[in-house]
Amino acid sequence: MSVLLILMLPFVGILLPPLLQRQGRLAATLGAGIPTLLAFGLLMSLGPSVLAGEVLLASREWVPAMGLTAGLRVDGLGFLFATMTLGIGLLVITYAHFYMKKDDPLGRFYAYLLLFMGAMLGIVLSENVLLMALFWEITSLSSFLLIGYSSHDSEARRGARMALAITGLGGFCLFAGLVVLGQIAGSYELSVILASGDLITSHDWYVPMLVLVLLGAFTKSAQFPFHFWLPNAMKAPTPVSAYLHSATMVKAGVFLLARLHPALAGTSPWFFLVGGVGIATMFFAAYVAFYRHDLKGLLAYSTISHLGLITALFGFGTAGAAVVGVFHIMNHAAFKASLFMTAGIIDHQTGTRDIRILGGLRKAMPFTMVLALLGSAAMAGIPLFNGFISKELFLKETLDLPLMAGAPWVFPVVATAGALFSMAYSVRLVHGVFFKDPTEKTPKEARDPSMGMLVPVGILVAICVIVGIAAEQTAGPLLAAAAGSTVGGELPYYSLSLWHGFTLELLMSAIAIGGGVVLYLQRARLYEIADRWPQLTGQMAFEKVQGLILSFAEGLTARLENGSLQRYIVLLLGMALVAGALPFLEHGFVTGTAELTPTNPVAIAVWALLVVATLATVFTHRSRITAIICLSVVGLLISIIFVYLSAPDLALTQLSVEVVTILLLLLALFVLPKVAPPESSTLRKIRDATLAAIGGAGMGLISWAVMTRPQDSISDYYLENATYPVGGGTNVVNVILVDFRGFDTLGEVAVLVLAAFGVYTMLRYARHTHVEGVDDMASDRYPVVLVSVSRPLLALILLMALYIFLRGHYLPGGGFIGGLVASVALILQYLASGIDWAKERMGVSFRYVAVAGVLLATLSGGAAFLVEQPFLTMTLLGLKIPLVGEIDYVMTLLFDLGIFLAVVGGTMTILSQLSHMQEDREPFDEEARAKETDPWKP
Amino acid sequence: MNHWITLPVLIPFVAAILIEIVGRHHIGARRVLAVCAGLGTIAAGAYMLLRTHQGEIFTYAMGGWEAPFGVALVADGLSALLVTLTGVVSLFAALYSMNRHDTKGKFFHFFLQMQVAGICGAVLTGDLFSLFVCFEIMLLASYNLLVYTGEERGLKAGVHYVILNLAGSALFLVAIGTLYGVTGTLNLADMALRVGELGPEDTALVRAGGLLLMVVFMLKAAVLPLHLWLPNVYGSATAPVAAFFAILTKVGVYAILRVSTLVFGSEAGVAADVLAPYLLPLAALTLALGMLGALGSLRLRKALGFLIVASIGTMLMSIGLYTPEGIAAGLYYLVHSTLGIAMLFLLVDLIARQRGEKDDRLVVARAPAQRALLGLLFFAGAIAVVGLPPLSGFLGKVWVLQASLMTPHVVVVWVAILLTSVLALVALSRAGSLIFWKGEEADDEERVPRATAFELLPVFGLLACLILYTLFSGPAAELCMMIAEGLLSPGDYIEAVMGVRP
Amino acid sequence: MIGGKKILPRPGFSVVLMITWILAHQSLDPKTLAIGAVASLLLPAFTQHFWPEALRVRRAGLLLKFLGIFVYDIIVANLQVAWLVLGPSSKLRPAFLEVPIVLENPMSITALSAVISLAPGTVAANLSGDRRTLLVHILHTKDEERAITRIKERYEGPLKEIFE
Amino acid sequence: MITVALNVGFAVMCLCLILNLIRLLKGPSTPDRILALDTMYINTIALILLFGVRLEREIFFEAALLIAMMGFIGTVALANYLLHGDIID
Amino acid sequence: MISLIEYVIAALILIGVSFCFVGSLGLVKLPDFYMRVHVPTKATTLGIGSLLIASTIYFSILRGAPAVHEILIVVFLFMTAPISAHMLMKAGLHEGLPDVDGEVEKRRG
Amino acid sequence: MEALIASAIAVLGGSGIYLVLRARTFTVILGLALLAIAVNLFLLSMGRVAPGHAPVIEEGLELGAYVDPLPQAVVLTAIVIGFAMMSFAVVLAITAHFVTGTDHLDGEETS
Ligand code: NA
Ligand code: NA
């Protein structure tokens, strides 16, 4: 429970600094510091049991299906890292309070810092590896925020993005690798994984899994060739560098190596990958660090180098090396954090971090000088400092690598060379800043900072010295516990004493220290040589790759999604053709065995007419009015065909819809260009014609294939049951529409109303100024004869509409067709007498009629609920009316009436709105009115 | 009588009608109704989840006519999940719209509720032709929502969207016709029974029908190469509409999933595995192109559109494994990405407004006035859609990786997921750093519109949903797993609808 | 809304509608008749705003006689036209006639125009803006003045008597 | 007897429709095309009536009536379009 | 009796289609638009009339079911055909379509 | 008869598709109208074209004598929905033309 609390405290604390910020800087700092301190105290309370070798586990189910538990684990290794995270965290919070500028938003800074702290604790305390990966990515995210904290600085922004990209990529690889790892081990719990070492290392997926996991570790710990993000991350405020980029986050990579050491280490892939990359990084980064002029840059590369050292140690795969690795983690955290803080102090007090500018600060900043000197000594591996012990143990380990039996000198030589450069840059740091004569004046007058900044550094430096002198007594127990969980078994013999006699590693240390000093003395020559070398860095490669991907993405997107609808349609059509054709190509086209229906001359004639009219529509499409007329012919012929194919309802519907469509198209043509310009190239036309021919033929062939097959469908049921005792009808199509499948019909009506409302909305935005034509031959706008005939026709056609509507249940007709006929009667008034005249006399809003229709249909369907029948049940009751007799399909009739009204309302809304378009009206704006009636607005 | 099954359709449908009748002249009444409808839909969905989460399937015979003759509504875990999700997104979209979006056109809430009704109908119906009708309601409502403001951007995109979908509807009918012609039924469960009995001579025909149907669904779901319409359409819609559209493509995914497992599953005789060989590769390419598109977009809304495409790729790739884990992971991701994208669309609207004329274009502009707050929200949203911890997208991706690990497609899926995750990271960190870090300070504080609490409410609401979804991932994943297993052995579904086991 | 509503604005028209209803249904059962009666009574009331002008048949007998002549004319006209069409087109002498009219009620003008169009070889092509001249196209005529006179005597006169 | 007449009738009506279509395609003017369309509508009524007699079913009445109505409306609308550009104002 | 009625029906059918044919032929054959308007208006209308009478007789007498609703179609056509013709004429004049003796040109000035 | 219907569907469908592939909204709408007709005929043909009676029940006829009513109901619904969509598309074309000044599909005259 207290483990969970330790983990939760930083996350809960995130809210405090931003909230307390208004109470002042101190409040914000306390808001960050108190949760940290509490967590640290709680952690320390676990110390005794952990140091005694206990493993504390606390687990809660989270997502069993993924094998993800909220499992926490405190063992020696986790305890060590948690201690570092919280302990150094406390120091950094203190330091930052004094370091950060007065006008910096300190609350946000601490919030990010606590977010990071919590995530880091999560990594080191996770029992479930997926949970660990989860926290892993959060550290990348918080690092992104912290690096980009000085967001006005373009370098900072770039550095933040780069760090996120690299560590994010690594994180994704890591979680992929962990997924494989869990799959191999059969569980994502560390307890299981750590116990399955043999199973894992002998598994087929071991190497790919290892590569993925290592990508995660190497990117995080800035191992070559992924190291370049770390120097770029130095744009972060110095407390961040001190915390994340030296002591904690970058250590997550090596933590992972340590954590999984029992399960993954000891194989030759592990050795060559981890050991090789580590040693290479150690040397390379030390070499580069020597050439850095920026203090933080130097420290960054130094960090990379030391992380390489630790990585190499874990890579060696032996228990002894692992112990040393853990030990160096502790040491490095202490001296590097102190040095970063020192660098921050120098920057803070002088205004620059450039070693070439700085110099001679020993007089102005004596305290700082002492602390820097001690920290650097630890870093350089000078005896009596903690760095010396772990470095010498490291050198010793390089001497005894079974897998390097063929070339045993390689690792020792590279390691020594790395240590040599390490010495060189450490000397440079101290001498360059504090001792050599300054070349120019620093931007600010240098002097020692306040105690608040010095104390945290002092504490860390003290640790370096104390551990350096009495390692066994101070760091011993913690190391034993941490190394114990890293090795995963009995600890090998090791000695943390300063003096092991005259050994080969002592000689190597001596060479490194001496050589380093010599190298520093020769620095001028070396810089000159370095300047002449071409600058090819990982950062350049990264930016090159990123640029390439970006321009590729932009180019590809612009090319593909070019805003051409024609292309999209061609793609859709192409997909459909492929989808339709594939099965036939695979399985063959089989004509059915059913007997064919004999044909007759009339059918052939109508067919020929249809084909000609259809093709005429295509060929005349540029002369639009002609095309409309041809389309009408097609519609008419289709209606005849429907009649012929025993589908009278369809014929009626098609006829009515056709003429309303023609009206629509004519209304549109009034506004749109009357003639389309020629534009397609011949090639394009041929392509389109080919596609069209294939598409059409496909439809025809499928229809042929189906029509020639015998039928076995559910339709007999409808024929059998249409005339059911109550409410049934003889027109089966109508019964299907209003009863069997009333749901579809309700939906269909909704579609119509939606269309009408859409038209209504859209046409509020389209206006067209009508130009009155001057013509003596046909002068009257409303021809008397048309007007006169339209008057009686209104009632007559409405009567017919009623007739068709009422008969629908028994004979062809029904609500939809009746509605269209009624609409046509009304439209005739529009045509004859104009919209204003007609509208004045309608006295009803058609939109309202449409909605009322839908409501009526819905209600008549919902009436069934009252008698505990399913929605849209129509056989509810018969209605007896005197004289008239029994109308036994009341609900059906009401439903159909709803459809009728919706159709009239919808169609008339569309047409009247469309006809009204040319009037110039005020643009639609309800906002003003909305404000008056809007209850939500204050 | 399980009348509750009709509620997800009837609540928004009746609400839409009432919005027109009662709220005809009163925006306040329209808003109250919209909120009630949203809450009602959520409640109906939640109840449905409660009833179905043990794997039970309920059928409701509309009009009292048993399947396959009448239209049957079928409630199972999958439909319940989608209904609930639709309700949630619609509620927040409606709430957000009340800040100046729903007054631009008269019928905003009417269209929105109709679309909800269409979506709910589509995910509940057990009948292929009803599915078509519901799709049309949904589409027509979405057309309207796209153009209701009359802005040029929306109208231009609307022309594309409408015409392409009209062509798609024609194709839908051809597919329905073919399947009816060869099987003689429109009910999906009945069709599943009947395809099993087809002889080899009908193989090509039924498979052609099935594949054509899948093409239609892929158009709705925006699967490569039918995804190109989406970014511009979503990028041109107003914020609440775009946010709500996040659910729209998922209905396509739903249809693919439902039909390809129920009718064209692995035990469908000559119609077996119609889509299975093609879905995964297409989805992987969709994911890749979607992510490249997000990276290559010059406008943030468009980038979000591409992220939708990518998320569709992710979930369909997982579904394309056609294993219980794969489908479950796809479904899990579906919910997550819908919430995440919806939240981002709302948020981007607030951000764009505070950037002045530069709107959502990815160029240097003045930083949003509420830089810290909006930046934080953007950060959270980006985390969600990239699939980073701690939000559920990360878990979804982990699950997809787990699900594909033991299959032959492991390399494709893994490479696609890992590489595109990095692309997403780069794309969104670029966008975020450009907008929030690189942005110039506003010179005149007064002119910049600040987001009100009421505007932020839906954004926070969706974020809260994401967080809750993450916290309760355990039950959610279990539900997805139950649904997936049900889908892969459609016997229960068929029995619930038809009364017989295949 | 324009004007007030009368309960039974056009009894004659209602009768016409009722007959139409019965013709359409071809049945005299009570249900049909009842619905038809209601519809026939209500429709004129509903549509009276669209048709405010009254048209009164003043001489019903003359109307019947006129219809008889007219049907005869139609049949003859059709035979004539058929003959003209089947013969060589080059012999046809078409012309536009400007027929001055004295009718004032638009309904009767319409009736005249309809009659002209259905009658032998003539189509009413346009009515002048002042409603005083009807432009008639004639398929074949040798004497335009006689054609005009014939139209006025044979059709306009009776129509004037019947309606005005 | 009636059958023979019907067969002749069908043949002639088909011929009529073909002639109408020829005029429609030939034009030359749009009013000509509208006229041809109008004639087609009426001829179609004839065809449907013959068909009803042939099948001995009366269910085609509505279709014929509707063709008459729709043909009229269509013709008026097209003529209005030519006369005024917009068919309704 | 029956056969006489059959003859009548057959004759009416033939007369009807003949008129229709004349109408359609005229439509193709006549030289200008204004002349072409004449034929369908009359011939076709009368043709339909004959056919409708044939149909009425057929169903009412031979099939024993009263079939009078065809009359409605005739009435409707007779009401509307002249209007259609009128509107088309106006449209033709408006468009300035040429007639055989150039009268329209003259009138338009 | 089947061949006639199948080929009519092919011609209608092909013509519709060709017009849908043009660059102007109006033409595309014409194409969609043709395509809709083709699809409706296609749907109807899925109930086979066996000669028979319209599905209006008469006494004394066997069920087998009627044509399949279900495709007819489906087509009817499809026609209505198609009409609604058509209206919407037409008005959208008009509005887009008003706003963009062109009837080109992509809202600009280029390409
Ligand atoms: Na009906
Ligand atoms: Na007419």
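As the structure is a prediction and not an experimental result, all values here were calculated from the model. Below, read A as the first sequence line, B as the second, and so on, with proteins coming before strands; counting in each chain starts at 1.
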I'd like to verify something: which residue of D/Leu25, D/Asn7, D/Leu17 has the highest number of heavy-atom pairs under 4.5 Å with chain A?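 Looking at each option in turn, the highest pair count goes to D/Leu17.
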
Region of [X] in contact with chain A, defined by heavy-atom distances below 4.5 Å:
X	value
D/Tyr41	both
D/Leu21	side chain
D/Ile48	side chain
D/Met40	both
D/Leu15	neither
D/Leu24	side chain
D/Leu55	neither

Under 3.5 Å, is there a donor-acceptor pair between the side chain of [X] and the main chain of [Y]?
X	Y	result
A/Asp896	A/Gly815	yes
A/Asp649	A/Gly813	yes
A/Asn731	A/Tyr810	no
A/Lys674	A/Leu669	yes

Any side-chain heavy-atom pair from D/Arg23 and D/Leu35 closer than 4.5 angstrom? no

Quick one: are D/Met13 and A/Val602 in side-chain contact, heavy atoms under 4.5 Å?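 With C-beta onward as the side chain, the pair stays apart.
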
Take D/Asn20 and D/Thr39, measure what side-chain hydrogen bond (donor to acceptor under 3.5 Å, both in side chains) needs, and give me the verdict at the end. CA-CA 7 Å; D/Asn20 297 158; D/Thr39 314; 5.0 Å; no

For [X], is it the side chain, the backbone, both, or neither that has a heavy atom closer than 4.5 Å to a heavy atom of chain D?
X	value
A/Ile640	side chain
A/Phe642	neither
A/Leu655	both

Is the distance between the ring centroids of D/Tyr81 and A/Phe670 less than 6.0 Å?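 Aromatic pair excluded; centres sit 6.0 Å or further apart.
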
Mind ranking A/Leu609, A/Thr620, A/Ile628, A/Asn600 by heavy-atom pairs under 4.5 Å with chain D and telling me who comes out on top?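 Looking at each option in turn, the highest pair count goes to A/Leu609.
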
